[in-house]
2 protein chains.
Amino acid sequence: MSRSTGRRLGRAGIRDVAAAAGVSITTVSDALNGKGRLPDATRSHVREVADRLGYRPSAAARTLRTGKSGLLGLTVTTYGDEPFTFTEFAYFAEMARAATSAALARGYALVILPATSRHDVWSNVALDGTVVIDPADGDPVVTELVRHGIPVVSDGRPGGALPVTGWVDNDHEAAVLGLLDHLADAGARRIGLLTGNTTDTYTRLSTTAYLHWCERVGQDPVYESYPAHDPCAGAVAADRLLARPDRPDAVYGLFDPNGTDLLAAARRYGLRVPEDLLLVCCSESTLYAATEPPVTTLSLKPRRIGTAVVQILIDAIEGLDTGRPIEQVIPTDLIVRASSQRRSPRTTVSPPRGPTGD
Amino acid sequence: MSRSTGRRLGRAGIRDVAAAAGVSITTVSDALNGKGRLPDATRSHVREVADRLGYRPSAAARTLRTGKSGLLGLTVTTYGDEPFTFTEFAYFAEMARAATSAALARGYALVILPATSRHDVWSNVALDGTVVIDPADGDPVVTELVRHGIPVVSDGRPGGALPVTGWVDNDHEAAVLGLLDHLADAGARRIGLLTGNTTDTYTRLSTTAYLHWCERVGQDPVYESYPAHDPCAGAVAADRLLARPDRPDAVYGLFDPNGTDLLAAARRYGLRVPEDLLLVCCSESTLYAATEPPVTTLSLKPRRIGTAVVQILIDAIEGLDTGRPIEQVIPTDLIVRASSQRRSPRTTVSPPRGPTGD
DNA sequence: GCTTCGGAAAGACACGTTTCTGCATGGTGA
DNA sequence: TCACCATGCAGAAACGTGTCTTTCCGAAGC
């Protein structure tokens, strides 16, 4: 059987296009990729024939030949056994969405990969680079990746001297300090903290910033920590915090659900917000604009982070040395609502939520 | 220069392993993949050498040879220009998470792809199959995929005779009818609907079910429709609905943010929920358990849908004919809270939210 | 008139696997 | 002893591209 007829099953290959157009494989490749020196007549002719045959170049063959796959890994390594926690916190969803957008705009696609270094999945996909969200100290996945020469850019400062290509992060210390000052300005005398017991940099930096602030203003730290990946533990810890003899009159919750957890706990203890208890939590959810009362939130700007991470990563992959810094600090945004304002200017009517912007 | 020394740059290939272990390439491949007939001694020896060299098989080469990439596309084609709407609705985040989990458990990874058929991205990745969320009628992306012989399984019944491999969906008619009956049982005399003006099957089926119900019970339909992808339009439409002369005394909102939109609108008009206005919205967000009052939600069970979609797709890819049906209907779940109960049994204390389960 | 030069296209190889086929070898039954 | 089979392994052909090198041919330069 001849080659051209034998290839009838399956998609058309570059050979079929060459044969149909009456040119060589080289010419087809050059015509479609805009390389080589060909007259426009040949170029358009080849393109027309390729379109007619429904020709799609094999991504696998191209990857094998060029060494570039156009795929970026996306993984989050913290918070338990689940492969990722997209839904747990709106932060991840927002960040992943922005990262995907930015990648697509530059011709790359994102592959969602598990935190565990299950070889069969990680090695079954050719990656040009990887985005790692919140790597733990000395993360094995990251070290293995860089050992194989794959660029890695992390969301969150890498701990434990991880040799990543770059990172993007907020200034968590500054954010927490500013937020605590805001609460103190609103009249808080004893500020409590709801935090996590994991070792990621976000939790660690935020907690130490809180302790530093307490030391500076001479307040005894009042905090409860719990495993952040357990959906129930947050509610329990919130309750514990408000049940203490040295009950705080203001609380900052590090994680997204803490706001509702604390609101519920306050209701149980008959504490009015913000009269008896000031409240702030770190969240990207717009629903906190509609709670009763609306809760002041700290936004980490995940959209900007996701975009920046991908830009840095692709720049590194393509070897182009833009002026863009390899390490970027994104400012946070404190969205002040009724829950952290003693003399609340408006408690009855809240305007419909506007466009999120950014 | 000799081959083995020349390959020092870049990762070790299968040839290097073969040379180092003193066997042939075939033996290495067979040993690592558990194929062929080799004594255990050779097998373990080869594996040990491969580990020592840090050998990772090239995914591109394997894909080229076997025709299987282990990659599944994930795309959502509706709701505007943004490549996807992961964050807009918790539904997508949950569904994507479940799909990713299920895929990883079977050795596949998910690639997030845009709704537009931008060739450069779609054709740059070798897909074994694709999951499509909410395809529009006659979706060009889907038709092109199946034309190239790539299995497609959709979340949501495909409209316009799309030749997909299979689909998973809820019984939206039954869900809406049951929900409206629930509101009527709670004392609603005139039920309104907040819906979208897009053509996806979810919106269409839900809306027609509402109209059928109205016809059955002899109520004039009262509804407002708006572009669901616009974050502000929902709030505006909610306001419009409650401003009508034939103001409903109960409302069902088809989309996730409708609950808070309607709560805010009700507050503006001085309507008490549930006393003056019964409320239900379709959402997966647990935050509706903590609003004031808590809002009754209809869950579409995105976790189960995401899992089922991936199972069907991978079964089709691997050609194994399990007894699993190719078209599955997942039951919905009405989570009744205070907003839809006139004689509310508990309005003051709401227990801390439990594990989401499923 | 012969060489040179440059444009246009073809040939051939390499990317790194998987896998089909085939060659030894040693043991076994007739 | 010979045919036969199971075992253990090696050779080599694909898979479908991109790209380097080479060839061909007409026109211009000396």
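Quick note on labels: first sequence line is chain A, next is B, and so on, each numbered from 1. Atoms considered below: every heavy atom in the structure, side chains included; atoms not considered: hydrogens, waters and symmetry mates.
Distance A:Leu38 CG to D:dT19 C1': 13 Å, rounded to the nearest Å. Between the CG atom of B:Asn33 and the P atom of C:dG16 there is a distance of 17 Å, rounded to whole Å. If you measure from atom OH of A:Tyr55 to atom C1' of D:dG18, you get 10 Å, rounded to the nearest angstrom. Distance CG (A:Asn124) to P (C:dT18): 10 Å, rounded to an integer number of Å. One atom, CG of A:Asp16, and another, P of D:dG16, lie 9 Å apart when rounded to the nearest Å. The CZ-C1' distance, from B:Arg15 to D:dA12, rounds to 13 Å in whole Å. The distance from atom CG of A:Leu32 to atom P of D:dT19 is 13 Å, rounded to the nearest whole Å. Between the CG atom of B:Asp40 and the P atom of D:dT7 there is a distance of 13 Å, given to the nearest Å.
Using a 4.0 Å heavy-atom distance criterion, B:Thr26 is classed as a base contact. Looking at heavy-atom distances under 4.0 Å, B:Thr42 makes contact with sugar-phosphate atoms alone, never a base. B:Arg37 comes within contact range of at least one nucleobase, with a heavy-atom separation under 4.0 Å. Residue A:Ile25 is classed as having no contact, given no heavy-atom separation below 4.0 Å to the nucleic acid. Within the 4.0 angstrom heavy-atom criterion, base atoms lie near A:Leu64. As judged by a 4.0 angstrom heavy-atom cut-off over every strand, B:Ser29 is placed among the base-contacting residues.
With no hydrogens or angles considered, a side-chain donor-acceptor pair links A:Thr27 and A:Ser24 at under 3.5 Å. A side-chain donor-acceptor contact under 3.5 Å links B:Tyr91 and B:Asp155.
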Salt bridge (Lys or Arg N to Asp or Glu O under 4.0 Å) between A:Lys35 and A:Asp30: does it pass, once the steps are laid out? CA-CA 5 Å; A:Lys35 302 200 168 182; A:Asp30 283 348; over 6 Å; no
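Salt bridge A:Arg106/A:Glu318: present, at least one basic N to carboxylate O contact under 4.0 Å.
Remark: A:Lys35 is not in phosphate contact with D:dG18, judged by side-chain N or O atoms under 4.0 Å from OP1 or OP2. Contact between the side-chain N/O atoms of A:Thr63 and the OP1/OP2 oxygens of D:dT17 is not found at any separation under 4.0 Å. The side chain of A:Ser58 places no N or O atom within less than 4.0 Å of a non-bridging phosphate oxygen (OP1 or OP2) of D:dC15.
Side chain B:Arg65 to base C:dT18: a donor-acceptor pair is found below 3.5 Å.
Residue whose closest nucleotide on DNA chain D sits further toward the 5' end, between B:Asp30 and B:Ala61: B:Asp30.
In terms of modelled atom types and a separation under 3.5 Å, the side chain of B:Thr63 and the main chain of B:Ala59 share a donor-acceptor contact.
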